[in-house]
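A quick note: this is a predicted structure, and the numbers were derived from the prediction, not measured. When a ligand or atom number is given, it counts from 1 through the structure's own listing order.
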Amino acid sequence: MAGGTLHRPDGTDDKYTRGVVGVHTGSDAYPGAAVLGVSGAARTGAGMVRYTGPARDAVLRQRPETVAAEGRVQAWVIGSGTDPSSRSDAETDTLRGILSGGLPVVVDAGALDLVPVLRSGAAGEAPWIVTPHARELARLRTAAGLDPAIPADLAGRIAQATETAAALGVVVLSKGADTVVAEPGGMAVTVAAPTSWLASAGTGDVLAGCLGAVTAGVAGRRGRATGSEHLDGARLLACAATAAWLHGHAGAAASARLAGHAADGAPDAPILALDVADALPWAVARALAAV
Ligand SMILES: NC(=O)C1=CN([C@@H]2O[C@H](COP(=O)(O)OP(=O)(O)OC[C@H]3O[C@@H](n4cnc5c(N)ncnc54)[C@H](OP(=O)(O)O)[C@@H]3O)[C@@H](O)[C@H]2O)[C@@H](O)CC1
Ligand SMILES: Nc1ncnc2c1ncn2[C@@H]1O[C@H](COP(=O)(O)OP(=O)(O)O)[C@@H](O)[C@H]1O
């Protein structure tokens, strides 16, 4: 699963080759989402996290390693902790600029409304991974002219994610106890969460950051190897499936630890989103050990 998407740094690496994630998330109403996304990206092993949103002070208080300045990045994370109904025109322009920059973008929560607008009638694929929960996916499908009914079973969710990916030309990561990832070419993968203690506010924000870090790492290494950082749908799907696996197993490890068990014990204790972020290094280590 992690083969090709995660990389143990060696003597040739520096902070840039390991992948730089740009995070433009959070708002005055939801500064915590920015902290959680930045923590998710940093704990997944990004070489650098750049934060360019409005929750700079909160982010730096929790994660002083963050570079709060513009600069080159390999992948973006946008939308977590934002509300499109109160978004300024200047902020919409900033998000449109990120989306049209040609880099991979993880599009979450309050930026999802821009996807059908920008992809309507557009040819080919955009290197974006959208990360809706069930209600957000229903809203996205309504805006794209697709049936918004929430499927009753997993087969229906896979079909829905696959149809949405093809219609919009983007990778879809549909969140839930089973995370379904689909790409525009028709491939789909399901990643079952090892614990449902993950159903807690802010864990999706952590996932978005984790996915940004995995994607930036893959784009950076590909750039070094081939001269092109472009990631097609199949590669983005692999990044999304890897992030879902890391997130789920980090949740289980955090739950087991808080329950007083060893890391492989039963995940019995409730967890907070930041617990999930803090357990991501354990999940990365476990995935790397299996490669
Ligand atoms: N720490 C932070 O900063 C965090 C910030 N966060 C940020 O918050 C923003 C909004 O994200 P969200 O997913 O909550 O909003 P949204 O997609 O509009 O869905 C709302 C839907 O939920 C439903 N609903 C509400 N209450 C319900 C209930 N008791 N039981 C059942 N259903 C209930 C309600 O349905 P209704 O009441 O209409 O039936 C409505 O349709 C987003 O930017 C996110 O990133 C979060 O990540 C958390 C941590
Ligand atoms: N019942 C469940 N079992 C396991 N994982 C779940 C369950 N419900 C939600 N999740 C996971 O928890 C996260 C919630 O994300 P999201 O709905 O965006 O919440 P938030 O906006 O509060 O961060 C997702 O990664 C989702 O896959």
_Residue Ala193 vicinity, atoms of ligand 2 by number, heavy atom under 4.0 Å_ = 4 (C), 5 (N)
*asked:* Ser80 versus ligand 1: do any nitrogen or oxygen atoms come within less than 3.5 Å of each other?
replied: no
*In the protein, which heavy atom is nearest to atom 10 (C) of ligand 1, and how far is it?*
Tyr30 OH, 4.1 Å
*Are any of the N/O atoms in His133 less than 3.5 Å from those in ligand 1?*
yes
_Non-hydrogen protein atom less than 4.0 angstrom from atom 37 (O) of ligand 1_ = no
*Minimum-distance protein heavy atom relative to atom 46 (C) of ligand 1*: Asp205 OD2, 3.8 Å
*For ligand 1, indicate whether the residue Thr82 contacts it via side chain, backbone, both or neither (heavy-atom separation under 4.0 Å).*
backbone
*ligand 1 versus Lys175, non-hydrogen atoms closer than 4.0 Å: side chain, backbone, both, neither?*
neither
*Are side-chain N/O atoms of Thr190 and Asp178 paired as donor and acceptor at under 3.5 Å?*
no
*asked:* Under 3.5 Å between any N/O of Ala33 and any N/O of ligand 1: does that happen in this structure?
replied: yes
*Any Gly81 heavy atom less than 4.0 Å from ligand 1*: yes
*asked:* For Ser174 and Arg157, which I'm curious about, is there any donor-acceptor pair between the side chains at under 3.5 Å?
replied: yes
*Just go through Val206, Thr203, Asp205, Thr131 and tell me whose heavy atom is the nearest to atom 14 (C) of ligand 2.*
Thr203
*Does Ala199 reach ligand 2 with a nitrogen or oxygen that is under 3.5 Å from one of the ligand's nitrogen or oxygen atoms?*
no
_Side chain, backbone, both or neither: Thr195 near ligand 2, heavy atoms under 4.0 Å_ = backbone
_Looking only at protein heavy atoms, which one is nearest to atom 34 (C) of ligand 1, and what is the separation?_
Arg135 NE, 4.4 Å
*Electrostatic pair Asp10:Arg18 at N-O distance under 4.0 angstrom*: no
*Would you mind checking if Arg141 and Glu163 are paired as a salt bridge, meaning a charged N to carboxylate O distance below 4.0 Å?*
yes
_For Ser80 and Thr25, which I'm curious about, is there any donor-acceptor pair between the side chains at under 3.5 Å?_
no
